[in-house]
There are 2 protein chains.
Amino acid sequence: MRTSNYLLSTLKETPNDAEVVSHQLMLRAGMIRKLASGLYTWLPTGLRVLRKVENIVRQEIDNAGAVETLMPVVQPFELWEETGRSEKMGPELLRFTDRHTRPFVLSPTAEEVITSLVRNEVSSYKQLPLNLYQIQTKFRDERRPRFGVMRAREFCMMDAYSFDIDKESLEKSYQAMHDAYCKAFDRMGLEYRPVLADSGAIGGSGSQEFHVLAESGEDLIAFSTESDYAANIEKAEAAAPVGERAQPTQEMTLVDTPNAKTIAELVEQHDLPIEKTVKTLFVKASDEVDADIIALIIRGDHELNEVKAENLPQVAAPLEMATEEDIRALIGAGPGSLGPVNLTLPFIVDRTVAVMSDFGAGANIDDKHYFGINWGRDVELGQVEDLRNVVEGDPSPCGKGTLMLKRGIEVGHIFQLGNVYSQAMNCGVLGPDGKNVILEMGCYGIGVSRVVASAIEQNHDEHGIIWPDALAPFQVAIVPMNMHKSEEVKQAAETLYAELTAMGIEVLFDDRKERPGVMFSDIELIGIPHTIVIGDRSMKEGNFEYKNRRTGEKTPVAMAEIINHLKQQLA
Amino acid sequence: MRTSNYLLSTLKETPNDAEVVSHQLMLRAGMIRKLASGLYTWLPTGLRVLRKVENIVRQEIDNAGAVETLMPVVQPFELWEETGRSEKMGPELLRFTDRHTRPFVLSPTAEEVITSLVRNEVSSYKQLPLNLYQIQTKFRDERRPRFGVMRAREFCMMDAYSFDIDKESLEKSYQAMHDAYCKAFDRMGLEYRPVLADSGAIGGSGSQEFHVLAESGEDLIAFSTESDYAANIEKAEAAAPVGERAQPTQEMTLVDTPNAKTIAELVEQHDLPIEKTVKTLFVKASDEVDADIIALIIRGDHELNEVKAENLPQVAAPLEMATEEDIRALIGAGPGSLGPVNLTLPFIVDRTVAVMSDFGAGANIDDKHYFGINWGRDVELGQVEDLRNVVEGDPSPCGKGTLMLKRGIEVGHIFQLGNVYSQAMNCGVLGPDGKNVILEMGCYGIGVSRVVASAIEQNHDEHGIIWPDALAPFQVAIVPMNMHKSEEVKQAAETLYAELTAMGIEVLFDDRKERPGVMFSDIELIGIPHTIVIGDRSMKEGNFEYKNRRTGEKTPVAMAEIINHLKQQLA
């Protein structure tokens, strides 16, 4: 490709509204342009990368035995009523009516469409297992689209759906997709981790997320220092402390704490170690509990894990904290003075709190705390659960090593759905014994456009993007210096361009009448891995210059050797 | 691909609601399934063909120097207001609002989006010419979607947009796209014609349509018998008759014609040659005319060309026929008795009618006609225009040969838009003299999904589809007979499958436990060009059987020679 025939559209300045580095660099490198909030046009350079990701994903998903289809972007709303998901999705599910006022949605995902297809097309267990996928435009009407294509409204996604006769077969299909994801992300040259995940609103049993590790990631991942255990912090188990609770050494005393509304204030003013305090949080209870509010008790320095809390049968989903008004009406004290002693509400205690002794907590009286509380003696312990986020240094729940935390960008997700959708939509086949069997489903997604952004988060420097070879928009750049003045340079550049192109190498030939500095900084910004600089001076010595974007290495290479040199670099 | 791992989904019965053969065969061959009116899921076999078309189109458009982009399916409505096209498109333009009640549309085409992009990204004539395209989902909310993917609401389209500094350069860009279209349709093995076309609602000057010739086509195409002139009947010029008008030989007489409400009745009852009659049609006039209605006069056996009529400045667009009520109110007679003599309205006469003499027409009195009318003597001739559809045998407007008519399916369209959009959206660049120049645009479309259907209309027989090699979902089918009983057959089939696949040939290996008859009819229905039948009987003689789908030829081929034989067939 010649730049003269191309839409390079690089920008010198960093656009104001781009917060994360991938968004900034995708705009500056001429990869995308915003059409409206959360809607982006992919310019030629961006699309070339998007297609690389798409093709690697397609090949690996094909190799896993899935078969490609293409479903409409516009879906009838009635299918979403059949599974009851229209409500769960809320306003992210964009609805509209056609000219005949029939209701439709823009596809955010396709469980309903594919399940409806399979219930019509597949009638016998002999046709299973079957895994159907598509790589297609999706739309989610995000309340606050941000970070460019990282959280856009319209985006490109690979979504696959497996259908199996039983759970054992589903597990095989799931594992095949897990392995295909690993192969795809390996080929892309990304540092990623499959992590245990909460199944969330899609439902079903097991699920894993694939995260590209990057400081800008919106998710926290917990890893074991000594095994390959990794889990989203939403899911990562805080293992129960080992050993017995220490015996009480203090009497329980009621202490005036007029200026301590928070744990931090309490600890500072009363010289109490924070590990000797607890927080008591009031949340809405589910119908299973004979009260509107239930209390959750965690250690003073820990954070409530909202997903773990929400997954408890006693807690209403989605999680809702009680208001100060609610609390005062119930207890007669404010949220800064709550605790388990004399509490008139049901409560659940975190595993770590359950082994504490001689600890401090609110007295359920404004401006007063109890110090020296001990379970059993001062208050009954009751139900104990894992309620908190893990922290660095916690023992790994796998039993080996301790946990460390890193940030990740979720680029893929695999689910064992089970029969949530197939049951709701009556998707079954005749089994070997001639009886109808409701199918076991899996669903699998890769955010193709988000992969592009996450690869940049992981591969850039102060000059721009540094593409892994497999994702680069062009493999090689040819930068001729002052070509419009030197016939020798022009001739050499044209010849090399023709030769590399004939070999099937993707080359960007910068034939603009620009100063070399402008050309170099554009090529660096776009992140082309290998550059050949052609100039009068080095040619007099019989050389071209080879530049490697990632290492920064610059090497003179004999003109006759340049193709061999490139082949080695590309291998 | 093994059928056991695939979704074949062939149907024995022809579905009731499929009117045209491509729709029937696409359903029966398991290529598509209807999700809702005008919305289709592409099953694996259909998608494979769609991708073949898409890839050929992409390669040829790339070769023509265009650069691929990807624009959102969801477009802000405000862009459509900027060009005033929101009204012109009417209810085919599907509108909706997002969660913040901002108005959007589903993209039926992207002139607005691309023009808005280019006005931001391109600032100098040095960046031109530029041709940007995408292959992307489009949506048109057709009032009556029909014929499967031929006239669906959601479809796949290649749309390209060229930007040039002047008309001369635009013509070059246009010609390059014309040639790329020819190469693409040639490679697909389709019988097609580029034909002159009316520019319609998109506006601009020159335009050509590309039609695949097929009896089921919705368009009529006029061809010269002796040149490569071809035009959509909407556009085909009815050349002015050669020679002078004959002198009058009859007096004009008022004749009672009480039972002649139509030309057919008039001709039959009064022994008048139909070529000696005219039809007078009342249509709504434009603001240019000092009357609400204007009359158009064509020969009795001719048809009004509505596009030609609509393009006249005197006629209101869109064309609207006067109602019988309007006509009676104006003339005092019904639509069966209209004619030019004593007509109190302005009228326009077709070129053919202008050279008629001694002809019959309504007398503008119920149940009466004038016979023996002659221009000049009985009524002034006035304005003469080309108003009618051409008919077979008309002289070709190119001057060579006569016209013949064939039906076609429009699969592509190329337009010289000029500055219609660039002017409305102020899309200009700095020219060589430093002054702003509004760009000259071209736009170009190929209905990728429609090409698939049109290829079937042109390539099928009573057994199913007959794919041209370049479009076939699989190049080769392997049909082993009773593989599950014969180890030799199984072994031979597996070996051949492995060999062909390793050679990069796309093979469908029918490994189902089905009767051979079922397998053969599925492979024929799907239309795979080359089939290798592997059976015990022929293997005893050292042969496989080769079957050619198009010729029906069946040949025994020595097992050792089968790969060479296939290579020859595929070459």
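Every heavy atom of this structure was used, including side-chain atoms; hydrogens, water molecules and symmetry mates were not. Here is the naming used below: chain letters follow the sequence lines, and residue numbers restart at 1 for every chain. Keep in mind it's a predicted model, so treat the numbers as computed, not measured.
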Next on the checklist: Using only non-hydrogen atoms and a strict under-4.5 angstrom cutoff, which residues of residues 66-78 of chain B touch chain A?
Outcome noted: B:V67, B:E68, B:T69, B:L70, B:M71, B:P72, B:V73, B:V74, B:Q75, B:P76
Item to check | Distance (rounded to the nearest 0.5 Å) between B:C156 SG and B:K138 NZ | outcome: 7.5 Å
Item to check | Nearest-0.5 Å distance that lies between atom CZ in B:R99 and atom CZ in A:R95 | outcome: 11.5 Å
Next on the checklist: Check A:R2 with A:D510, please: is the shortest side-chain N to carboxylate O separation under 4.0 Å?
Outcome noted: no
Checklist entry - Distance only, no hydrogens: is a donor on one side chain within 3.5 Å (strictly under) of an acceptor on the other, for A:S86 and A:E81? => result no
Checklist entry - Would you find more than 12 non-hydrogen atoms of other residues, nucleotides or ligands less than 6.0 Å from B:R515 atom CZ? => result no
Checklist outcome for this item: Most contact-rich option vs chain B, by heavy-atom pairs under 4.5 angstrom, among A:W42, A:Y40, A:F155, A:F104, is A:W42
Item to check | Pairwise distance CG(A:L7) to CG(A:L47) - rounded to 0.5 angstrom | outcome: 12.0 Å
Checklist entry - Checking heavy atoms, do the side chain of A:L117, its backbone, both or neither come under 4.5 Å from chain B? => result side chain
Item to check | Largest heavy-atom contact set with chain B, pairs under 4.5 Å, which of A:L132, A:T3, A:L130, A:D98 | outcome: A:D98
Checklist entry - Considering only heavy atoms, which portion of A:L8 lies under 4.5 Å from any heavy atom of chain B: side chain, backbone, both, or neither? => result neither
Checklist entry - Between A:I32 and chain B, which part of the residue has a heavy atom less than 4.5 Å away: side chain, backbone, both or neither? => result neither
Checklist entry - So what's closer than 4.5 Å to chain B heavy atoms on A:L39: side chain, backbone, both or neither? => result both
Checklist entry - Should A:R48 and A:E506 count as an ion pair when the cut-off is N to O under 4.0 Å? => result yes
Checklist entry - Between A:G65, A:S37, A:G46, which has the largest tally of heavy atom pairs under 4.5 Å with chain B? => result A:G65
Item to check | Region of A:I114 that comes under 4.5 Å of a non-hydrogen atom in chain B | outcome: neither
Checklist entry - In terms of heavy-atom proximity below 4.5 Å to chain B, should A:L11 be classed as side chain, backbone, both, or neither? => result neither
Checklist entry - Heavy-atom distance under 4.5 Å to chain B: side chain of A:L94, backbone, both or neither? => result side chain
Item to check | Option that, when pairs with chain B are counted at under 4.5 Å, heavy atom only, ranks first among A:R143, A:Q136, A:E92 | outcome: A:R143
Checklist outcome for this item: Cut-off 4.5 Å, heavy atoms of chain B, and the answer for A:F139 is side chain
Next on the checklist: For A:V122, which atoms come within 4.5 Å of any heavy atom of chain B: side chain, backbone, both, or neither?
Outcome noted: side chain
Checklist entry - Hey, are B:E154 and B:K34 close enough for a salt bridge, meaning a charged N less than 4.0 Å from a carboxylate O? => result no
Next on the checklist: Is A:R512 in contact with chain B via its backbone, its side chain, both, or neither, using a 4.5 Å heavy-atom distance?
Outcome noted: neither
Next on the checklist: Need one label for A:R33: side chain, backbone, both or neither, based on atoms under 4.5 Å from any heavy atom in chain B.
Outcome noted: side chain
Item to check | Carboxylate-amine/guanidinium contact A:K172 A:D164, below 4.0 Å | outcome: no
Checklist entry - For A:Y161 and A:D159, does a side-chain donor sit closer than 3.5 Å to a side-chain acceptor? => result yes
Checklist entry - Should the pair A:D141-A:R153 be classified as a salt bridge under the 4.0 Å nitrogen-to-oxygen rule? => result yes
Next on the checklist: Using 30° and 60° as the class boundaries, would you call the ring planes of A:F474 and A:Y6 parallel, tilted or perpendicular?
Outcome noted: perpendicular
Next on the checklist: Can a side-chain donor-acceptor contact be found between A:Y497 and A:D511 if the only test is distance below 3.5 angstrom?
Outcome noted: no
